[in-house]
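Reading through the structure tokens given below for one structure.
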Amino acid sequence: VSMDTKTVSILVVAILVVAGISAALVLAKDDGDASRNLDVNLEIYGNADGDWKVDEADAKLVESWIDANENNDTAAIDELKGRINLDFADANRSGAIDSKDVEQIRAIANGTAKHLWFLDGIQQEREMDIGDAIKKVGCEYYSNTEAMLILGQADRIAAVDNAPYQYLDFYFSPQQKSKVTNMVNMNAPDYGFVNTLKLDVLLIFSSTASYEAKQEKLIGTDVLYLGLYNPDLTNTAKSNFIQGILKAGYIFGAVDRAVDYTNWVLDYRDKMLDIANSIPDEKKPVCAMSNYTNSYFENGTSNTIPIYSSIDPLGQAVVLSGGKNLLQVLDVTTSGYSHKIGIDAVFNKHPVDHFFLHNVKYTYGGAVMSSTPDHGYLQDDPSQMADAWKKSVGQPLMGDETITLLAGDFRNGCTGGILLAAYMAKQINPDAYSGIDPLKMHAEYIDWMGISDYDITKHGVFFYQGQAA
């Protein structure tokens, strides 16, 4: 992580400590607790017992249900009703529960299923060809691209949009990147061009991004929203992010990898959430998660400031780092990712301890934001972040609040907010989170993506918090 001598001391210390063991970071990666009983009702048809996987237990449960009904065994039927989800027991969605469903369940469990019925990230029922039938995948934005890398599916990625395309040298080997096409603007796609790519699957960034239109206009392509943009990691059972990773494991034939990564995320989630819950509410620093570009922090004239909610990965990071979201302090509830607050309420009525400003250089719409400071994995020079930070702290209403500029990777990557939470925690609650090492976590995440020649202690600009001279 590139920072100058003005960077907050706790992170400098962390860099120095981790730099001494950087060569061992990849080798020491914790793959998570494989024995975890995930609190997830996996939304794949065939998951008859309502747990986090499709396995032989589901097949036997459905066989028992079929036998009980064939024998008119009312006692057995009544007992099984308490254990079986009849909707998901219909694994092939034929409308009947029979031996064909048992066959489908066993095929899913042993990795030989050719088709899969499941719910997508917005609870729509979907049917897809899976496994070897999927040869060419298009990925919108960073989260889907990184999810595919995490699942070991780099060779299937045939296209990405403009933002992840800028990371071609980081994400892919020379052989892999030669096969990846830039789809450019997938917020308003050139459908004719995308159709020439003959993608088997397109993983889309957001459920609001022309989901239905893309399903209609992309011929022969399964367009899918996994739900990675809705982490809700504080509630595993309702987390679309966790569901999305696990479902992708079944779709792309990487179930064990998906489970291992899920465990890795949740192990860190558990550690940080336990610490956060141990901090008395009145001692939690007030955090405002906002943007730098085109905001008051850049121009000094905007009358409102967008504050990200707990629905968003940025808001999740506040919870996991032991902070208190400004929206919570203001008693504002919203169903959206963010809510605009008047600057008077932000700076005068409810003092903020820490501002964290999200940056996007390459937008989902294919634009390059020239006023956004350079940052991310391929940047080693923090000077533009430093200039933006100086502009932010120099705005008229700023007092003694700290301002930290964030790389867009934290919000738009595939960590659900845990990586940002680790960095934030070392700043806002350093004593409580002394056992959390964000650089070690970041190195592990890079290793999950299959990238072995990148040293996070020497490269990248992600987290800039300067200090007044």
Show, in sequence, the C-alpha distance, side-chain angles and deciding distance for D281 and K324, and conclude whether the salt bridge (Lys or Arg N to Asp or Glu O under 4.0 Å) test is met. CA-CA 8 Å; D281 194 60; K324 184 184 298 183; 3.3 Å; yes
Start with the C-alpha gap between R93 and D87, add the side-chain angles, then the distance that decides, and say whether salt bridge (Lys or Arg N to Asp or Glu O under 4.0 Å) holds. CA-CA 9 Å; R93 308 307 291 151; D87 193 29; 3.2 Å; yes
Centres of the Y167 and Y142 rings: under 6.0 Å? yes
In terms of side-chain heavy atoms, does D256 have a donor or acceptor partner in Y261 at a distance below 3.5 Å? no
Between F463 and F356, how do the two ring planes meet: parallel, tilted or perpendicular, split at 30° and 60°? tilted
Flag yes if more than 12 heavy atoms outside Q123 fall under 6.0 Å of its CD atom; otherwise flag no. yes
Gap separating the OG atom of S239 from the CG atom of N230, nearest 0.5 angstrom: 8.5 Å
Might you confirm whether atom CG of N235 has over 12 heavy atoms from other residues, nucleotides or ligands at distances under 6.0 Å? yes
Please report the C-alpha distance between D129 and H115 in whole Å, then the side-chain angles of each, then the deciding distance to 0.1 Å, and finally whether the side-chain hydrogen bond (donor to acceptor under 3.5 Å, both in side chains) criterion is met. CA-CA 4 Å; D129 292 336; H115 309 280; 2.6 Å; yes
Would K177 and D169 count as a salt bridge (Lys or Arg N to Asp or Glu O under 4.0 Å) here? Give the steps. CA-CA 7 Å; K177 73 179 184 180; D169 290 335; 2.3 Å; yes
Taking every non-hydrogen atom, the tightest pair across F88 and N47: CB-O, 3.6 Å
Evaluate the ring planes of Y337 and Y229, with Trp represented by its six-membered ring, and classify them as parallel (under 30°), tilted (30 to 60°) or perpendicular (over 60°). tilted
Return yes if a side-chain donor-acceptor contact under 3.5 Å exists between N110 and T112, otherwise no. yes
Begin from the C-alpha positions of K217 and E212 and carry the test salt bridge (Lys or Arg N to Asp or Glu O under 4.0 Å) through to its verdict. CA-CA 9 Å; K217 295 180 180 181; E212 292 184 5; over 6 Å; no
Under 6.0 Å between ring centres, would you say that holds for H459 and Y454? yes
Spacing of L61 atom CG and N85 atom CG [to the nearest 0.5 Å]: 10.0 Å
Under 3.5 Å side-chain donor-acceptor pair for Y308 and N291: yes
Assert yes or no for the condition that the ring centre distance of Y45 to F118 is strictly below 6.0 Å. no
Just checking, is any N or O donor in the side chain of R269 or T234 under 3.5 Å from an acceptor N or O on the other one? no
Using ring-ring contact (aromatic ring centres under 6.0 Å, His included) as the criterion, point out the one residue from Y377, Y445, Y423 that pairs with F462. Y377
Would you kindly say whether E125 and W117 are connected by a side-chain donor-acceptor distance under 3.5 Å? no
Does a side-chain N-to-carboxylate-O contact under 4.0 Å join D98 and K100? no
Is it the case that the side chains of T293 and T372 hold a donor-acceptor pair, with the cut-off being a distance below 3.5 Å and no angle test? yes
What heavy-atom pair brings A425 and S321 nearest, and what distance separates the two atoms? N-CB, 3.7 Å
Look at the aromatic rings of Y225 and Y211 and report parallel, tilted or perpendicular, splitting at 30° and 60°. perpendicular
